[in-house]
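Some notes on the structure that comes next.
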Amino acid sequence: RRAGRSRDLPVSKLKWAAPERNKDPILDILRRVLPAKGTVLEIASGSGQHIAYFSEAMPHLKWLPSDPDPENLASIRAYRGSFLEPREIDVRSHDWDVGCVEAVYCANMIHIAPWSCTEGLIAGVARNLEDMGVFVLYGPFRVEGQTAPSNEEFDANLRARDPSWGVRDVEAVCALATPHGLLLRERIAMPANNQTLVFTR
């Protein structure tokens with residue numbers, strides 16, 4: 001997630017290429033699937049670009065960013081707008097200390113983290129998501145074992161960097177989510193061969 005960082009900004013305010021490219025297509029989905037009111041917890045907020053943009057576009061919702069990286073948390077604070085103070089959250093923690101929220105959003109995390117982080121993410125969403133809540137997960141995926149050639153190259157690059165990383169299978173994520181009461185409602189094809197998965201309780 002650090003690739004594409006712009007160097008023309010203060011050190012504390014990171015700007016990455018990917019969030020700039022995908023923020024509008026993702027916003028279109030969020031406007032349609034998120035509840036009319038409540039709190040949206042973003043897991044792995046990274047630079048803070050997404051939550052700054054989404055919170056400005058959807059001010060009727062309370063936006064709560066989070067990240068485990070101190071540098072990222074500093075960047076999120078530098079983008080500070082109409083969102084809440086960011087929380088330091090490791091998804092593998094058994095207590096995120098956020099209470100119940102109406103929605104959870106996570107982009108471009110599970111492929112650059114061990115599978116244990118996907119397990120922690122799903123378990124944490126299940127603990128903290130209100131009944132009838134929405135969980136939105138964005139990134140590259142395999143579907144029935146298949147993905148775009150660019151994602152295959154990306155997967156090989158990720159696994160060369162860390163064997164525990166890699167493009168995940170939609171079916172494996174759903175198999176993990178279903179016992180927690182999180183059911184896949186929609187799978188939406190996105191630009192650049194990504195997918196948005198929308199789960200509900």
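The figures here come from the full heavy-atom set of this structure, side chains too, leaving out hydrogens, waters and symmetry mates. Bear in mind the structure is a predicted one, so any value in this text is a computation, not a measurement.
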So, [X] side chain and [Y] main chain: donor-acceptor pair closer than 3.5 Å or not?
X	Y	result
T147	F141	yes
D155	V167	yes
S75	L14	yes
D169	A172	no
R168	V173	no
E171	E144	yes
D67	G46	yes
R77	E85	no

Neighbour count >12 (heavy atoms, 6.0 Å) for atom CD, E119: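 Atom CD in E119 is packed in, count exceeds 12.
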
Heavy-atom neighbours of H60 NE2 exceed 12 at 6.0 Å: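 More than 12 within 6.0 Å, yes.
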
E152 vs R142, salt bridge (charged side-chain N to carboxylate O under 4.0 Å, His left out): CA-CA, chis, key distance, verdict: CA-CA 9 Å; E152 293 287 4; R142 284 194 174 85; 2.9 Å; yes

If I take atom [atom1] from residue [X] and atom [atom2] from residue [Y], how far apart are they, to the nearest 0.5 angstrom?
X	Y	atom1	atom2	value
E71	I76	CD	CD1	11.0 Å
W165	F154	CH2	CZ	9.0 Å
D28	T196	CG	OG1	10.5 Å
L129	C100	CG	SG	8.5 Å
L84	K62	CG	NZ	7.0 Å

ILVMFWY cluster, F135 and L183 together (side-chain gap under 4.5 Å):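 Unlinked, F135 and L183 end up in two clusters.
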
By salt bridge (charged side-chain N to carboxylate O under 4.0 Å, His left out) - contacts of E153 (at least two apart):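 Counting only residues at least two positions away or on another chain, E153 forms no salt bridge (charged side-chain N to carboxylate O under 4.0 Å, His left out).
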
Salt bridge (charged side-chain N to carboxylate O under 4.0 Å, His left out) against R201, all qualifying residues, sequence neighbours excluded: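 With neighbours one apart ignored, the set is empty.
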
Any side-chain heavy atom of [X] sitting closer than 4.5 Å to one from [Y]?
X	Y	answer
C106	L121	yes
C117	R92	yes
L41	W63	no
M58	L27	yes
I112	N108	no
N128	V104	no
R87	V98	yes
T118	V91	no

Ring-face cation contact, F54 with K23, 6.0 Å cut, 45° max: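 Relative to the ring axis of F54, which defines the angle, K23 lies outside at least one limit.
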
Geometric cation-pi criterion R127 and W96, 6.0 Å radius, 45° cone: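 Cation-pi check for R127 and W96: passes.
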
Exercise: identify the closest heavy-atom pair between [X] and [Y]:
X	Y	result
S66	I89	CB-CD1, 3.7 Å
T39	V101	O-CB, 3.7 Å
I51	S55	O-OG, 2.7 Å
L184	F199	N-CD2, 3.6 Å
A78	S12	CB-O, 3.7 Å
G38	E102	CA-OE1, 3.3 Å

With Y105, the side-chain contact (heavy atoms from CB on, under 4.5 Å) member among V40, I43, V134, I29: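 For Y105, the side-chain contact (heavy atoms from CB on, under 4.5 Å) test succeeds with only one of V40, I43, V134, I29, which is V40.
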
CA sep, side-chain torsions, deciding dist, call: D162, S164, side chain to side chain donor-acceptor pair (under 3.5 Å): CA-CA 5 Å; D162 189 319; S164 69; 2.7 Å; yes

Pairs where residues 177-194 contributes a residue and the test side-chain hydrogen bond (donor to acceptor under 3.5 Å, both in side chains) is met, not counting sequence neighbours: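 Passing the test, one end in residues 177-194: R32-E186, Y138-N194, S150-N193, R187-Q195.
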
Side chain to side chain donor-acceptor pair (under 3.5 Å) assessment of H50 paired with N22: CA-CA 9 Å; H50 270 181; N22 61 34; 2.6 Å; yes

